[in-house]
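One structure is given below, encoded as structure tokens.
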Amino acid sequence: MIYFFYDGATIAERAGRRAKLPSWPATPVEAPTHTHDLYTSERTRMNDLLEEAARRAAAYIAAVPARSVAPRPEDVSRLEELGGPLPEGPSDPTAVIRLLDDVGSPATVASTGGRYFGFVVGGTLPAALAASWLAGAWDQNVGFTVMSPVAAALEVIVLDWLRDVVGLPATCGAGFVTGATMANFSGLAAARSALLRRAGWNPEEQGLFGAPELTVVVGDEVHVSLLKALAMLGLGRSRVTRVPVDDQGRIRARDLPALDDRTIVCIQAGNVNTGAFDPATDICAAARDAGAWVHVDGAFGLWAAVAPQRRHLFNGFADADSWATDCHKWLNVPHDSGIAFVRDPEHLRQAMALSAAYLPASNVREPSNYTPEASRRARGVELWAALRSLGRSGLAAMIERDCQLATRFAQGLSRAGFQILNDVVLNQVLVSFGDAATTRRIIAEIQNDGTCWCGGTEWQGHTAMRISVSCHATTEDDIDRSLAAVIRVAQAATER
Ligand SMILES: *Cc1c(COP(=O)(O)O)cnc(C)c1O
């Protein structure tokens, strides 16, 4: 059923057929007169349109360092100009892009610049951005290899590189998904499938009603997206066993409940507030003895493994059974992009394959057998470009630089007399400006000031401002300018 569209030709045969066709013209082609009007008009030729888009994108990037990081309220109000009734007829595509840029660009949050520290967002590496444009022109569907040999091959190559550079088991498989929420979902779906099948129950065929019970263990500082994944999987966000954590949000291994072979233990490589890592060595050892499954939420912290100075934080994590990470965060590829790695690819495949009847006819890795989606954009393109352009040392340097810049930010705030609430081990900093109301007011004023952007969070009963340094573009100068602005705004507010 899978290959209903497939004529049975091998890729090589197809390539042979293709080779007889004229090669791709190097010069712009005049649009044939029978195509739609949009393409026949001189002003809207594809070349002009794409050049216009490229020119505008370059101008946007050039303007980011000087502009306010948050959009100005008047620019956000102008977004109405993009609405109104749907036009009755077609518009000139160039005019459409012009309108989108003129009205849309000023209303963006300048998170690709060096002074956005909100949530954990990351920017876009030059090669990844350019690759995403090319991928847009390709418009490949990576659901099946036959739909896009290049998109499917890039996933395999990227998986190979990442297993190596992160230090995950050489046999593990992966699904390329939208982000860490879906990567958590996919890893946990594989866990659910593996543990229930071992107990004699096939959840993909039989569903969950009447299934043997699974226990899910999480730390008290579990990320909300992991709980959402549990909710979507029928495992329930409230029927988890919560384990107490220490002052950095790390699970206390000695407080783990008794584990068994129907237990999924969810641990974190990188708490979203503190950047702290759970004690994976102890937890994975206990889980292995009991036959429990360990799932790692490594949305951004997984990347610590690629930087020699941070690698120790990841100790023990490679012994887990599944790992979720984001690539749009710290790998600095465009949104959206995340990966679910699973130690035994078969566990992910049985949870995600389109049909149980489908068995792989060959060794070809069919991408959609590893993801919730069938049709999907070719995320491997940007991942490949990012990794190929950075190389091993460039990747390590990007991660390490952001960690050092986070430390620089924290030290500057501490010297100015503000309280840092976490041990800055990675790229996350929590700072308090006093009581909750004062801290909230100062955060709002920092966002309005526009020099940089930081958000608020609650950390173990304290209201704090969270700083995440996760963009490749951030420099020491960005940190120093942001630090000066934060101190100026905070001091002015506390003196009032
Ligand atoms: C960001 C984050 C997530 C969710 O990632 P999305 O890309 O937003 O789906 C999950 N866990 C942690 C620790 C995160 O930082």
Side-chain angles (χ1 to χ4, degrees), residues 109 111 116-124 128 166 174-189 191 216 218-233 237 240 245 248-251 264-278 280 294-305 310 313-314 317 320 322-341 371-373 376-377 379 382-383 386 399 402-403 406 422 425-430 454-459 464 466-471:
V109 175
S111 50
Y116 181 82
F117 307 108
F119 304 90
V120 187
V121 168
T124 295
V166 176
F176 292 76
V177 294
T178 47
T181 303
M182 284 314 286
N184 280 326
F185 173 87
S186 302
L188 291 166
V216 180
V218 302
D220 228 357
E221 291 289 352
V222 60
H223 195 271
V224 285
S225 74
L226 191 131
L227 296 176
K228 176 176 170 176
L230 292 172
M232 291 192 287
L233 285 162
R237 64 173 114 221
V240 294
V245 295
Q248 300 302 308
R250 289 174 295 228
I251 286 178
I264 304 169
V265 187
C266 304
I267 64 175
Q268 296 193 106
N271 173 282
V272 71
N273 283 311
T274 62
F277 287 60
D278 285 327
V294 179
H295 171 77
V296 177
D297 179 356
F300 60 97
L302 184 105
W303 300 99
R310 311 286 153 177
L313 294 167
F314 200 69
F317 280 91
S322 55
W323 304 261
T325 198
D326 258 321
C327 302
H328 55 226
K329 287 180 177 169
W330 223 353
L331 183 56
N332 279 260
V333 299
H335 288 90
D336 45 27
S337 189
I339 307 178
F341 298 96
T371 53
E373 304 88 351
R376 192 162 48 83
R377 74 180 190 89
R379 293 197 177 82
E382 299 131 359
L383 296 173
I399 300 302
D402 281 347
C403 294
N422 66 316
V425 293
L426 202 66
N427 62 327
Q428 304 290 101
V429 179
L430 296 176
C454 305
T457 189
E458 295 297 319
W459 176 245
R466 182 172 59 202
I467 299 166
S468 174
V469 187
S470 24
C471 185

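Here the structure is a predicted model, which is why all the values come from computation and not from measurement. Every number for a ligand or one of its atoms is a count from 1 in the order of the listing.
Look at Asp220 and Arg250 and you find no salt bridge, because none of the NZ, NE, NH1 or NH2 atoms lies under 4.0 Å from a carboxylate O. For the pair Arg466 and Glu458, the salt-bridge criterion is not met [side-chain N within less than 4.0 Å of a carboxylate O].
Here is the list of ligand 1 atoms found below 4.0 Å of a heavy atom in His328: 7 (O).
For atom 9 (O) of ligand 1, the nearest non-hydrogen atom of the protein is Thr181 OG1, 2.6 Å. Looking only at protein heavy atoms, the nearest one to atom 11 (N) of ligand 1 is Asp297 OD2, 2.7 Å. From the protein, the heavy atom lying nearest to atom 10 (C) of ligand 1 is Ser225 OG, 2.9 Å. Among protein heavy atoms, atom 14 (C) of ligand 1 sits closest to Lys329 NZ, 2.9 Å.
Residue contacts with ligand 1 for Met182 are absent, since no atom lies close enough (heavy atoms, distance under 4.0 Å). Of all the heavy atoms of Phe119, none lies under 4.0 Å from any atom of ligand 1, so neither backbone nor side chain is involved. Only the side chain of Asp326 comes within contact range of ligand 1, with a heavy atom under 4.0 Å; no backbone atom does.
Judged by distance alone, with hydrogens and angles left aside, the side-chain atoms of Asp326 form a donor-acceptor pair with the main-chain N or O of Ala180 at under 3.5 Å.
Phe314 and Phe277 have their aromatic ring centers separated by at least 6.0 angstrom.
Counted by atom type alone, His295 and Ser322 present one or more donor-acceptor pairs between their side chains at under 3.5 Å.
To the nearest 0.5 Å, atoms CD (Gln248) and CD (Gln428) are separated by 12.5 Å.
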